[in-house]
Amino acid sequence: MELYDFLRIQLGITKKEIRQLKFREPGILVNGERQRVTWKLEAGDEVIVHLENPSQCSSQLIPKGERPLQILYEDEDVCLVNKPAGIPTHPGGKHYEETIANWLMALFYERGESLRIRPVGRLDKETSGGLLFAKNRGAAGRLSEQRTRGILWKEYIALAAGRMEKREGVICAPLSPVPGVPCQMYVSPEGKEAVTHYQVICQYEDYAALRIRLDTGRMHQIRVHMASLNHPLLGDSVYGGPGERIERTALHAGRLHFHQPFTGETVDMEIPLPDDMACLLPETGIVKESHGKA
């Protein structure tokens with residue numbers, strides 16, 4: 001088999017990516033040596049593909065990691081982190097150093113790895129749970145396509161105020177930014193489509209534990225949609241959630257499902273609940289420990 005056919009058929013690398021690899025150092029290596037794509041492969045040959053130049057790291061990120069990261073899954077293309085509440089995903093606004101992206105860059109820096117990391121989806125600062133990063137451009141593109149096709153998805157655990165009238169439901173309500181108010185959304189007929197599926201796991205006296213899946217990924221979608229039903233999330237001060245039981249928005253990305261971007265292997269992870277939410281869910285057995293590949 002020619003190297004070109006191996007790259008296209010076995011690794012799923014696009015024609016455009018192969019063209020780019022021809023002019024990128026170190027490019028495509030066979031048994032440690034750079035080869036043309038017309039090279040005839042033999043049994044036992046080792047093929048290494050550098051989808052990005054190793055010198056092209058995320059230079060805009062300051063490597064800083066004073067707290068250890070809990071990495072739930074990692075390979076040469078992706079890294080899945082258990083994000084604690086209270087830490088932004090990436091730099092922005094007033095936060096330039098104390099973010100998950102900075103911590104991850106610090107970890108790679110300590111390993112001697114030079115990478116350009118890209119978050120695949122984001123979590124609000126107050127939201128905890130699974131946060132996925134791509135470690136090269138090719139992986140980022142494939143994972144983005146998986147999101148569009150519904151292959152990559154998240155499942156959330158949320159605590160909503162009040163007693164739910166229905167055990168499950170679908171909220172279809174378009175969302176728009178609140179005029180003149182940064183980082184705040186509201187339900188608006190002129191907004192972008194937003195669809196949220198919810199299921200009641202357990203109803204307590206004055207709040208409910210919900211399992212939530214999204215068809216769309218709008219800013220604050222779960223928070224705004226639940227507030228629109230008069231069931232804001234506990235601790236959500238922006239959208240009217242009561243704060244007696246928890247000091248942050250009670251939302252956790254508790255499961256992440258995707259395919260390894262090049263091998264196609266299924267990765268399905270459950271992310272443990274942090275203590276501040278776990279203590280409010282007695283005897284439910286929800287997301288108590290992480291699981292590996294399926």
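In this chain, numbering begins with 1 at the start of the sequence shown.
No more than 12 heavy atoms of other residues, nucleotides or ligands sit less than 6.0 Å from atom CZ of R36. Within 6.0 Å of CH2 in W153 there are more than 12 heavy atoms belonging to other residues, nucleotides or ligands. In the displayed structure, E2 atom CD is contacted under 6.0 Å by more than 12 heavy atoms of other residues, nucleotides or ligands. No more than 12 heavy atoms of other residues, nucleotides or ligands lie within 6.0 Å of CD in E247, so this atom counts as exposed by the packing criterion. Environment of CZ in R149: sparse, with no more than 12 heavy atoms of neighbouring residues, nucleotides or ligands closer than 6.0 Å.
Contact record, I212 with A158: CD1-CB, 3.8 Å, taken as the closest heavy-atom pair. Taking every heavy atom of both residues into account, S128 and A85 meet most closely at CB-N, 3.9 Å. The nearest pair of heavy atoms linking R137 to R118 is N-NH1, 3.3 Å. The minimum heavy-atom distance between L233 and A250, with the atom names listed, is CD1-O, 4.1 Å. Here the closest heavy-atom approach between residue Y204 and residue A209 is recorded as CE1-CB, 4.3 Å. Of all the heavy atoms in V120 and A134, the pair that sits closest is CG2-N, 3.9 Å.
Between the side chain of H225 and the backbone N or O of A173 there is at least one donor-acceptor pair closer than 3.5 Å. With H257 contributing its side chain and T266 its backbone, the two residues share no donor-acceptor pair below 3.5 Å. At least one donor-acceptor pair closer than 3.5 Å links the side chain of E126 to the backbone N or O of T249. Remark: side-chain polar atoms of S144 are not paired, donor with acceptor, to backbone N or O of G141 under 3.5 angstrom. Under a 3.5 Å cut-off, the side chain of Y207 and the backbone N or O of L280 do form a donor-acceptor pair. With hydrogens and angles ignored, the 3.5 Å screen pairs a side-chain donor or acceptor of R163 with a backbone N or O of E205. Between the R218 side chain and the E193 main chain, a donor and an acceptor come within less than 3.5 Å of each other. Counting only distance, with no hydrogens or angles, the side chain of Q203 and the backbone of G162 share a donor-acceptor pair below 3.5 Å. Judged purely by atom type and a 3.5 angstrom limit, H259 has no side-chain atom pairing as donor or acceptor with the backbone of E265. The backbone N or O of A106 sits nowhere less than 3.5 Å from a side-chain atom of R111 that would complete a donor-acceptor pair.
The side chain to side chain contact (heavy atoms under 4.5 Å, CB included) search around T127 returns L123, D124, L251, not counting sequence neighbours. In this structure C172 satisfies the side chain to side chain contact (heavy atoms under 4.5 Å, CB included) test together with V170, V195, sequence neighbours excluded.
Residues T216 and K192 are not in side-chain contact: their nearest non-hydrogen atoms beyond the backbone lie 4.5 Å or more apart. Counting heavy atoms from C-beta on, the side chains of T99 and L104 never come closer than 4.5 Å. Y198 places a side-chain heavy atom less than 4.5 Å from the side chain of K166. At least one side-chain heavy atom of L281 sits under 4.5 Å from a side-chain heavy atom of L159. Between L72 and L256 the shortest side-chain heavy-atom distance does not fall below 4.5 Å. Counting heavy atoms from C-beta outward, Y4 and K15 have side chains that approach closer than 4.5 Å. Between Y239 and S228 there is no side-chain heavy-atom pair separated by less than 4.5 Å. Counting heavy atoms from C-beta on, the side chains of I171 and M226 come closer than 4.5 Å.
Taken from CG in L214 to CZ in R147, the straight-line distance is 10.0 Å, to the nearest 0.5 Å. For the atom pair CE of M1 and CZ of R8, the computed distance is 12.5 Å after rounding to the nearest 0.5 Å. For the atom pair NZ of K40 and CD of E42, the computed distance is 11.0 Å after rounding to the nearest 0.5 Å.
Side-chain contact, Q221 with T196: a donor N or O sits under 3.5 Å from an acceptor N or O.
Ion pairing between a basic and an acidic side chain is recognised when a charged N comes within 4.0 Å of a carboxylate O; K135 and E76 show no such pairing.
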